Amino acid sequence: MRSSLMRISLGPLLYFWNRQTVLDYYNKIAQSPVDIVYLGETVCAKRRELRVDDWLNLAAMLADAGKEVVLSTLSLIEAESDLALVKRVCQNGRYRVEANDMAAINLQKSGAFFVVGPHINTYNSSMLAQMSKLGASRWVMPLELDDKTLTAMQAQRPDNMETEVFGFGRLPLAFSARCYTARARNISKDDCGFCCREYEQGLLLSTREQQPFLVINGTQVQSARTFCLVDQLPRLAQLGVDIFRLSPQLQGMTEIIDLVDKVRNQRLEPVLAAESLKHHMPTGSCDGYWYGDAGMNFRGMNHQEKGL
Amino acid sequence: MITNKKNVELVCPAGNLPAVKAAVDNGADCVYLGFRDGTNARNFPGLGFDDNELDRAIDYAHNKDRKVFMAINTYPRPHQWQQWCQAIDNSASHNVDALILADPGLLHYAATNYPDLRLHLSVQGSATNHEAIDFYARHYAIQRVVLPRVLSLSQIKQVIKHTDVAVEVFGFGSLCVMVEGRCILSSYVTGKSPNSNGVCSPAEAVRWEETPQGRRSRLNGVLIDEYAPDDHAGYPTLCKGRYLVNDNIFYAIEEPTSLNILEILPELIQAGVAAIKVEGRQRSPAYVASVTRVLREALDQCMANPDSFSVLPTWMAQLDKVAEGACHTLGAYHRPWQ
């Protein structure tokens, strides 16, 4: 029997913050009701404010504070040096690893448990069964999947496989070899000067009629709208989802975590939490993927469901 | 000096029977196609093959000793699983020369049920490094990998050095600037993506508007670009629009341009690529004929006399005529592009 209380995870930090900001941030997270913390650089191998050893130190601090720690790996692995980095993380010997590329699964020691990250395309039960056979103990649902797909996947979920859903944050929609932050500054990636550090919440890209559209985060492109599935927490629990993922942002993270924590403990109505969370979304909210619509759409709960 | 004497295959696209003939008649070694449904990543209206057409395509190609590859390279959801497996069964019964797959679920199905059928990993499988390629080789015995269009020439050399799996790279056509298989920009805007529906920025979501400021293109309501009277108004693929970043309006992701590798063909062959692929199953038979003819000529000259190979201006002119935005780039192969 699975525990009925949904666990909260903090996904990997997608932005490039300076070292002290990162350390302060995770010190606060250590005091928060988050259960699971994913650590490590997943976007750009050039970002080295924190080295693997620094992440391991943070991991130890968070583990001491009672958090489950998972080490996340790069989502785009190109150079041999990128592979060496991923290999080092996979062989850490203590923490589970979140694979965001098949390379990280291939580099797992035989018998090791791992997490299938959201950027591995787990779209059907056959794929999930194979991941299970190879040692996966958890999968994070790919971002564009919906309620209908998850329902079917949960019905055939392998034994000892946890399900995690990305529940709050700007959606990482695409990865490239090209750095779009450097491009916006008219410099090449090789001479980037780590300019993405200047944009702690990413660099906004709007349409020519000033509609906020996407967010540039180095080689990653995110949604401008913040994905929010907090109002669906009861539905996710009903589907047997084990973990609700929040994606790190600099502003309001403590409040965001507290709101979600209250919802899972049934001390706050999901729809009220969703309303409060809007203050922590710089350019609007979206949830379309969950309903099988365009990802940028926002439905929320309708009035009847809200009981209003 | 080119030491690799193996023939490099030219792999060309076909969305219908006339395109198959155009590819074969103009020198393609292989043509790749898909069924007329969402099982492949070019699920466009009026495109693709039914059983009867597939038979005729295979007859035509095999009679001239060319190969046919079948792309079943989208990711089925549970309710679609049977249909995608049937597409594999169907391809196997038609004697295709290889399947181009992306989903590990389908790779497992094909490797288990048709152990003699040759498997290629689609570009949608996002394998950009030799460890990822090794994963697919170990578990599904893939014999070829199509590399995403994100690697530089030196990175491609490294990949080839470290794997026994044959490597196919894109040589010409529309340029995906994101890692294929990991881009959901299209479904974010329209609900339909390459992974799930085999389409990107689908035509059904496109709207053109004439305004006093000029012509505008929208994708599901989102303004992709606005064109001055003398601007070339290309298809509004969402990563090739002009957007506002830091008070500047520009092609913030990529210009409307085509990939063209002719300039680095000798280096690619020397690096040991097994095949050069042309993008464009959605394009006309005339496009297929024209691009195939130029690349055939270039490949033949390059393989015969690698040291004296030079790109003929007429080749470039012919390719630019059919290129997106009528211009070309080396894309990620050329490091400064990144």
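Note that the coordinates shown come from a computational prediction; the quantities given were computed from them, not determined experimentally.
- Proximity to chain A (any heavy atom under 4.5 Å) is restricted, for B:Gln155, to the side chain, taken from C-beta onward.
- Options B:Val222, B:Asn220, B:Leu151, B:Leu107 differ in how many heavy-atom pairs under 4.5 Å they form with chain A, and the most are formed by B:Val222.
- Taking B:Tyr109, B:Phe135, B:Trp81, B:Phe250 one by one and counting their heavy-atom pairs under 4.5 Å with chain A, the maximum is reached by B:Phe135.
- Aromatic ring orientation, B:His162 versus B:His130: parallel (interplanar angle below 30°, classes split at 30° and 60°).
- Counting heavy-atom pairs under 4.5 Å between each of A:Thr207, A:Leu214, A:Val86, A:Leu205 and chain B puts A:Leu205 at the top.
- Between B:Arg77 and A:Asn124, the side chains place no donor N or O within less than 3.5 Å of an acceptor N or O (distance only, hydrogens not considered).
- When only modelled atom types and interatomic distance are considered, B:Ser217 and B:Tyr227 share a side-chain donor-acceptor pair under 3.5 Å.
- Using modelled atom types and a 3.5 Å distance limit, the side chains of B:Gln83 and B:Thr39 yield no donor-acceptor pair.
- Judged purely by distance below 3.5 Å, without hydrogens or angles, the side chains of A:Glu144 and A:Tyr123 pair a donor atom with an acceptor atom.
- Contact tally against chain B (heavy-atom pairs below 4.5 Å) for A:Lys87, A:Met131, A:Lys148: the top residue is A:Lys148.
- Across all their heavy atoms, B:Leu238 and B:Tyr243 have their closest contact at O-OH, 2.6 Å.
- With a 4.5 Å cut-off on side-chain heavy atoms, B:Leu244 and A:Gln210 count as touching.
- If you measure heavy-atom distances from A:Tyr289 to chain B, the contacts under 4.5 Å come from the side chain alone.
- Proximity to chain A (any heavy atom under 4.5 Å) is shown, for B:Glu254, by both the backbone and the side chain.
- In this structure, the portion of A:Gln211 lying under 4.5 Å from any heavy atom of chain B is its side chain and not its backbone.
- Of the listed residues A:Leu107, A:Asp293, A:Leu171, the one with more heavy-atom pairs under 4.5 angstrom with chain B than any other is A:Leu107.
- When the candidates A:Thr219, A:Leu173, A:Leu76 are compared by the number of heavy-atom contacts under 4.5 Å with chain B, A:Leu173 comes out ahead.
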